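Here the structure is a predicted model, which means the values were calculated and not measured. Proteins come first, then strands; the chains are lettered A, B, ... in the order of their sequence lines, and each starts at number 1. These numbers come from the heavy atoms of this one structure, side chains and all, not from hydrogens, waters or symmetry mates.
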Amino acid sequence: MLDELRDLYQEVILDHGKNPRNFRHPDDANRTAHGFNPMCGDTLFIYLKVDDEGVIQDCAFMGKGCAISTASASLMTEILKGKKEDEARVLFERFHLLCTEDPSADESEDSDQDDMERLEVLSGVREFPVRVKCATLAWHTMSAALDGQQEVTTE
Amino acid sequence: MTSMIEPEHRPAGHNQPPTLDVDRIRADFPILERQVYGRPLVYLDNAASAQKPRQVIQAMTDVMEGCYSNVHRGVHKLSQESTDLYEGARGRIAQFINAASSDEIVFTRGATEAINLVANGLGQGMLQPGDEVVISWLEHHSNIVPWQLLRDRLGIELKVVPIDDQGNFLYEEYLALLGPKTKLVAVSHISNALGTITPIADIIDAAHQKDVPVLVDGCQAVPHMKVDVQALGADFYAFSGHKLYGPTGIGVLYGRKDLLNRLPPYQGGGEMISSVTFERSTFKAAPHRFEAGTPAIIEAIGLGAAVDYMNALDFQAIAAHEQDLLDYAQTRLSEIDGLSILGQSDDKAAIVSFTMDGAHPHDIGTIVDRAGVAIRAGHHCAQPIMDRYGVAATVRASFGLYNTREEVDKLTDALHQVKELFG
């Protein structure tokens, strides 16, 4: 039984789940959003600092969640730092595909290969459909934070 | 079959509670034969919904195959037979909770609809702004939200009875909340999240001394103990069928006849009507005035069969069996380092809610599921209690008729695997 579960709970996930990176509230965040999973009550805040060039200078989070959602948020904050907004959105799409479908369905050009390899540790949720929401909560919240800011900048 | 000998008639020295023949009961539940991930199913999510015995499944199949028709309408044979089965189920459910009359049993879609029915009825001219409804911290969302909706619509006030750290209903605090503006008390008989059994008879007595009616949410109580609405003095008593080993889509609102007939109709149409002209309609007496449209006929008959099933057992034996499982589960789970049980009230039903250091309830749920053990992970539709204990969610194991000590062992083993992964 443990062998099956090790596919889901790989060391990297357990490590990020216990010791989440960028688990803080930066004072200079200019885009934030709150994510909530009503099924389990998990709650997550994503804080982004996006510069005038649209580059994510800082990405952090806080909240309460399971190992999967915490590890996913932690990895995401590490990966998104230095990315442009549209790159973040593409990664979200590709990550969502990774969590839900066969990775061969992803025909994107692999400029993000290193990032996708890091995120591969979360692909175990494919075998646990009820946990896909846990894995994608942080990403949905990040995307909402970006959208919120877009509305502000277009004014 | 369980012992029919009452304790006082037993020989001295054999004053043991009657025992439940769990092997025979398990054979009645076809789903218990299935495997999950190659392991025998251990179903410990009974507080969310219980499994169904063959007798219930068969009763529902029989009506569909043998005599199904709409009720109270047709002049034909099938309609008569279906009506007899439907009304017969109502009668047996009335006996099951010792209602004075089957007219006091309203079929609803579930307990949630039963509570909404009362809230809706009271909201139609029977409550004034400033009137108070008393609930408790132990309530399921379905006994909170209908009153909040009424508060927002009418300007009534909600008063909430607190609990202590063990999850006990604080009776003295409750007495202090009963005041001249209290128009209804609505509390659970047993908390679905903690297992606390509230002192419901005393709660009702105290309210009645102030002429305040009481609605009891009995969802978790009817599968676990003999409920006698007249002995309790309950004015309204709501429960759902699917937690009582019956089907989904059916529940019961018991209401004292005089009170039910003072409530205006909940929905309009169908069997609830005496006569309709385009000027006005007149409505039947309870229970039919509350059963608009074609009711859940097959489900009501299925619930009748579930009640028959329970009646064939001995409630003392059920209670003793489930109490044994509770004690055993709490002992075994307490062996696990870092596991904390929420709710350790003095009087408790077979529901164990817990957290584990370093492992989120969702992760625990996934891991024990792979061992074939079905538990609930989440807030159990009782978020105020989660807030009370400062957690977002708990793991909940809830026991029923067919559970065994061996199944508690399997849960415990699976939790040790959680420790191995997350420890």
Would you say H360(B) and D42(A) make side-chain contact, with heavy atoms under 4.5 Å? yes

Neighbour count above 12 (heavy atom, 6.0 Å) for D27(A) CG: no

Should we count NZ of K133(A) as having more than 12 external heavy atoms under 6.0 Å? no

Which one of A67(A), C134(A), G17(A) has the most heavy-atom pairs closer than 4.5 Å to chain B? A67(A)

So which atom in Q383(B) and which in F36(A) form the shortest heavy-atom distance, rounded to 0.1 Å? NE2-CZ, 4.1 Å

Heavy-atom pairs under 4.5 Å with chain A are the metric here; pick the option from A393(B), P361(B), A392(B), G378(B) that has the most. A392(B)

Within this structure, what is the CG-CD distance for the pair L421(B) and E11(A), rounded to the nearest 0.5 Å? 8.5 Å

CZ/R109(B): more than 12 non-hydrogen atoms of other groups inside 6.0 Å: no

Check R370(B) against E127(A) and note the closest heavy-atom contact, atom names and distance. NH2-O, 3.6 Å

Side chain / backbone / both / neither for F422(B) at chain A, heavy atoms under 4.5 Å: both

Heavy atoms, side chains only, cut-off 4.5 Å: are D363(B) and R131(A) in contact? yes

Can you tell me if NZ on K18(A) sees more than 12 non-hydrogen neighbours from other groups inside 6.0 Å? yes

Taking atom types as modelled, is there a side-chain donor on H362(B) or N37(A) under 3.5 Å from an acceptor on the other? no

Does any heavy atom of chain B fall under 4.5 Å from the side chain of L14(A), the backbone, both, or neither of them? side chain

Which bit of Y9(A) is near chain B, if near means a heavy-atom gap under 4.5 Å: side chain, backbone, both or neither? both

